[in-house]
Amino acid sequence: MKRRVLLATAAALMALPAASFAQGMDKVKACFIYVGPVGDGGWTYQHDQGRQALAAEFGDRVDATTYQESVPEGADSERVLTQMALSGCNIVFATSFGYMDAVNNVAAKFPNVKFEHATGYRRDSANVSTYDARFYEGRAVTGTIAGMMTQSDKIGYIGSFPIPENIQGINAAYLAAKKVNPDVTMSIVWAYSWFDPAKEADAARALIEQGVDVVLQHTDSTAPLAEAAKTEGVIGFGQASDMAEFKPSPRVASIIDNWAPYYIERVGALLDGTYEQKATWAGIAGGEVEIGEITDVVPADVKAKAEEVRDAIAAGELHPFTGPLNKQDGTEWLAEGETPDDADLAGMNFYVEGITGQIPQ
Amino acid sequence: MDIGGINIITLLATLIVASVPILMAALGELVVEKSGVLNLGVEGMMIIGAVIGFVVAVQTGNPVIGFLGGAVAGAALAAVFALLTQVLLANQVASGLALTLFGLGLSSLIGQGWNGIRPPLTRDVPLGPLSDIPVLGPVLFSHDWMVYASFALVVAVWWVLRRTRAGLILRAVGESHDAAHALGYKVRRIRMAAILFGGAMAGMGGAYISLIRVPQWTDGITSGAGWIALAIVVFASWKPWRVLLGAWLFGGISVLQLSLQAAGSRIPVEYLSMSPYVITILVLVFISSGRGRAMGAPADLGKTFHASR
C-alpha cells in the first residue's frame with residue numbers, strides 16, 4: 001500500500017515538468033547505463049567521455065553525475081533503468097545493443113522520461129530515440145590498412161556477437177582489404193562477449209597462431225592489442241577509443257567513437273524545448289566516427305591510401321558497400337554502382353562473397 | 001602436426017598457459033576445502049591479487065615482487081573471511097559470496113588510473129637445448145617460471161596432504177573437527193592457516209592474469225575464472241592431480257573453441273563452450289546423489305566449528 005502511494009507520488013512528480021516541456025527545462029538530469037566499466041579503455045570509456053562533456057558544456061544546468069557501470073544485458077538492465085526513471089532522471093542513455101527490450105519496456109511505463117538507446121532499432125514508444133554510428137565506415141579505412149600491411153595475406157577479426165553491427169564491420173573491412181590486396185583472406189573468431197579481456201587475448205592468440213598478422217577487433221578491451229604486442233610484426237587497431245598507449249605499434253590506427261556532440265545536442269534540445277524523437281545514424285562525415293592517428297609504422301603510401309578512403313567516405317563520394325557485390329552464397333546483393341539503404345544495412349545477416357566460415361545462428 | 005587446421009603443439013602450449021590461473025586458485029581452494037572450509041570468495045581474492053600484483057609490479061618494475069604482492073593481497077582478503085567465519089562464526093557461503101562482491105568492487109576502486117599501463121614483461125625461462133626438443137620443447141619447455149611453479153605446487157600440495165603429518169592433521173580437521181579438537185588440535189588455527197594459503201594462491205593466480213596472460217589491468221579482468229576454479233575442485237573430487245587435469249580440460253576447452261573458430265571449423269562452438277559447465281553439473285549431481293563420500297568431499301565441509309559444541 002505504502003509502496004503504491006510512493007510510486008504514485010513519484011509518477012505525479014514526474015508528470016509535473018511534462019507540462020512545461022514545450023518551453024524547455026531549467027535543469028536536466030541525464031543518466032547513463034553502461035555495459036562495461038568506464039575504465040575499459042574502449043566503448044564504455046568513450047560514452048563516459050561524452051557524459052563528462054555534458055557537464056563541461058552545460059555546467060549547473062545539467063546533472064550528469066548518475067551512471068551505472070557493468071550492467072548485464074537482460075533483466076538486470078530493466079531493473080536499473082526503472083530505478084533511474086524513478087529517481088528523477090529526465091533523459092536516460094542506454095549504451096548497449098542488448099538493452100533494447102529493457103529500454104522499450106521501461107519507456108512504455110515512464111512516458112515523461114526520454115530514453116536514448118545506442119545502436120538499437122526499436123522505438124516502440126514516442127519517448128524512445130535511437131542513435132548509432134556508422135562504424136563500418138571506419139572499418140573500411142582500417143580494412144584498407146590491413147589489406148596493404150599484411151605480409152601473410154591473412155587478417156583476423158574478433159567479433160563480439162553475431163549481430164548486424166559486427167557483420168557490417170566484418171564485410172566492410174574484408175571488402176576494403178580485398179580491394180587493395182586480392183589475395184587476402186579473413187578469419188573470424190566470435191568471443192560472445194563485449195568485454196572479457198582474457199578471452200579476447202586468447203582469441204587474438206588463436207588468430208595469430210593461424211598465421212594472421214593483422215588483428216581487427218570488435219570487442220571493447222585493449223587485451224587483443226596487448227596480445228599482438230607479444231609477437232613481432234603483428235599489428236592491430238584501437239577500437240571504440242584511441243587506445244593510444246599501444247602506439248606506435250601494434251596499434252597503427254584506430255576507430256574512435258565520439259559521442260559527445262550527440263549527447264550535447266540531445267540534452268541541449270531537452271533544455272530549450274526542441275527535443276523530438278529521432279533515429280540518428282551518423283558516420284565519419286558527422287564526426288561520430290573518427291580515425292585516430294595513423295602511426296609511422298605504416299608506410300607513407302598506405303597511409304595516403306587510407307586517408308584517401310577516409311576523406312572519400314566523409315565527402316560522400318565512396319560508400320563502403322558499392323555494387324557489384326555478391327552474398328557469400330554467390331547470389332547477387334547489389335548491382336553495379338548500387339548502394340544499400342539503411343534498412344538493408346541495419347538488418348545485415350550475411351557475409352559477402354569471399355569470406356569463408358558461417359555466421360553462428 | 002595439424003588436426004582440422006589446428007596446430008596441436010601450439011594448442012597444447014597455449015592450453016598450459018591458459019590454465020595456470022585457475023590451476024593456482026583451484027589448488028588453494030582444495031587445501032581450504034580439505035580443512036573443512038568452503039570459501040566461495042575465490043573470484044574476489046583472484047581479482048584483488050590481479051590488481052595489487054599489477055600495481056606492485058609496475059611500481060617496482062619487478063614481476064616477481066608483483067606476484068608476491070598479489071599473494072599478500074589475496075591472503076589479506078582471505079584474512080577477512082577467516083575473521084568472519086572462524087572468529088565471528090558467520091555463515092561460510094554468505095561470507096564467501098560477500099567476499100567476491102567486495103573484492104570486485106575494491107579492485108575496481110584500486111585500479112582507477114592503472115588502465116592502459118604495460119606491466120614489466122615476464123620472459124620465458126631459458127631452458128637451452130630442452131626447448132629445442134621436437135614436440136616436447138614447445139609444449140613443456142618454453143614457458144615462464146610461474147608455469148613451472150604451478151606444477152611444483154601441485155606436487156607439493158599432493159605430497160603435504162598425503163605424505164606428511166601436517167597434511168594428515170589438516171585432513172582430520174576437515175573430516176571431523178570435533179574429533180580433531182578432542183585430540184588437542186587447534187581446529188580454528190589450522191583452518192585459518194588453510195584459508196590464508198588459499199587466498200595467497202588465488203591472489204597469485206589473479207596476478208598471473210594481469211601480469212602474464214593478458215598483461216594489463218582492466219576492471220573485471222578475471223571474468224569468472226574464480227568460479228571455474230571452484231568447479232574444478234569438485235570436478236577433481238578434492239585430489240591435486242585431478243585438479244591439474246581439470247584445469248587443463250577447462251582451460252583447454254576455452255582455448256580450443258577459439259582455435260577451432262580461427263581455423264574455420266564448422267563445429268558449433270556453443271556446445272564446446274558449455275561443455276565444462278555441463279560436466280561440472282553432472283559431477284555435482286553424482287556427488288549429491290549420496291556418493292559424495294566416495295568422491296572425497298571432506299565430511300565437515302562448510303560446517304561451523306565452535307569448541308563449546
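Letters A, B, ... are given to chains in the order of the sequence lines, protein chains preceding strands, and every chain is numbered from 1.
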Novice: I'd like to know which of A:D202, A:D196, A:L207 tops the heavy-atom pair count under 4.5 Å against chain B.
Specialist: A:D202

Novice: Of the non-hydrogen atoms in B:A262 and A:A206, which two are nearest, and what is the gap between them?
Specialist: CB-O, 3.9 Å

Novice: Which atoms form the tightest heavy-atom contact between A:K230 and B:I212, and what is the distance?
Specialist: NZ-O, 3.1 Å

Novice: Mind ranking B:S210, B:P21, B:P215 by heavy-atom pairs under 4.5 Å with chain A and telling me who comes out on top?
Specialist: B:P215

Novice: About how many Å separate CD1 of B:I221 and OG of A:S221, when rounded to the nearest 0.5 Å?
Specialist: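 Rounded to the nearest 0.5 Å, the OG-CD1 separation comes out at 8.0 Å.
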
Novice: Name the member of B:T222, B:V255, B:T218 that forms the most heavy-atom pairs with chain A at distances under 4.5 Å.
Specialist: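 With the most close heavy-atom pairs to chain A, the winner is B:T218.
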
Novice: Do you know the tightest heavy-atom contact between A:K247 and B:R118?
Specialist: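 Closest approach of A:K247 to B:R118: O-NH2, 4.1 Å.
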
Novice: How long is the span from the OG1 atom in A:T222 to the CD atom in B:Q216, to the nearest 0.5 Å?
Specialist: 3.0 Å

Novice: More than 12 foreign heavy atoms under 6.0 Å from OH of A:Y45: is that the case here?
Specialist: no

Novice: Is it true that atom CG of A:D296 has more than 12 heavy atoms of other residues, nucleotides or ligands lying nearer than 6.0 Å?
Specialist: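 At most 12 heavy atoms, drawn from other residues, nucleotides or ligands, come within 6.0 Å of this atom.
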
Novice: Heavy-atom distances under 4.5 Å only: say whether B:L15 touches chain A with side chain, backbone, both or neither.
Specialist: neither

Novice: Looking just at side-chain N and O atoms, do B:S259 and A:E209 make a donor-acceptor pair shorter than 3.5 Å?
Specialist: no

Novice: Please classify the contact of A:A204 with chain B as side chain, backbone, both or neither, using a heavy-atom distance under 4.5 Å.
Specialist: neither

Novice: At their closest point, which heavy atom of A:W190 faces which heavy atom of B:L258, and how far apart are they?
Specialist: O-CD2, 4.1 Å

Novice: With only heavy atoms counted, which part of A:F246 is less than 4.5 Å from chain B, the side chain, the backbone, both or neither?
Specialist: both

Novice: For atom CZ of B:F102, decide whether the heavy atoms of other residues, nucleotides or ligands shown that lie under 6.0 angstrom number more than 12.
Specialist: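 Not buried by this count: 12 neighbours or fewer within 6.0 Å.
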
Novice: Which residue out of A:S193, A:S187, A:P37 racks up the most heavy-atom pairs below 4.5 Å with chain B?
Specialist: A:P37

Novice: Using heavy-atom distances under 4.5 Å, tell me whether A:E69 contacts chain B through its side chain, its backbone, both, or neither.
Specialist: side chain

Novice: Search all heavy atoms of A:E227 against all heavy atoms of B:R213 and return the closest pair with its distance.
Specialist: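 Nearest pair, atom of A:E227 first, then B:R213: OE1-O, 3.6 Å.
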
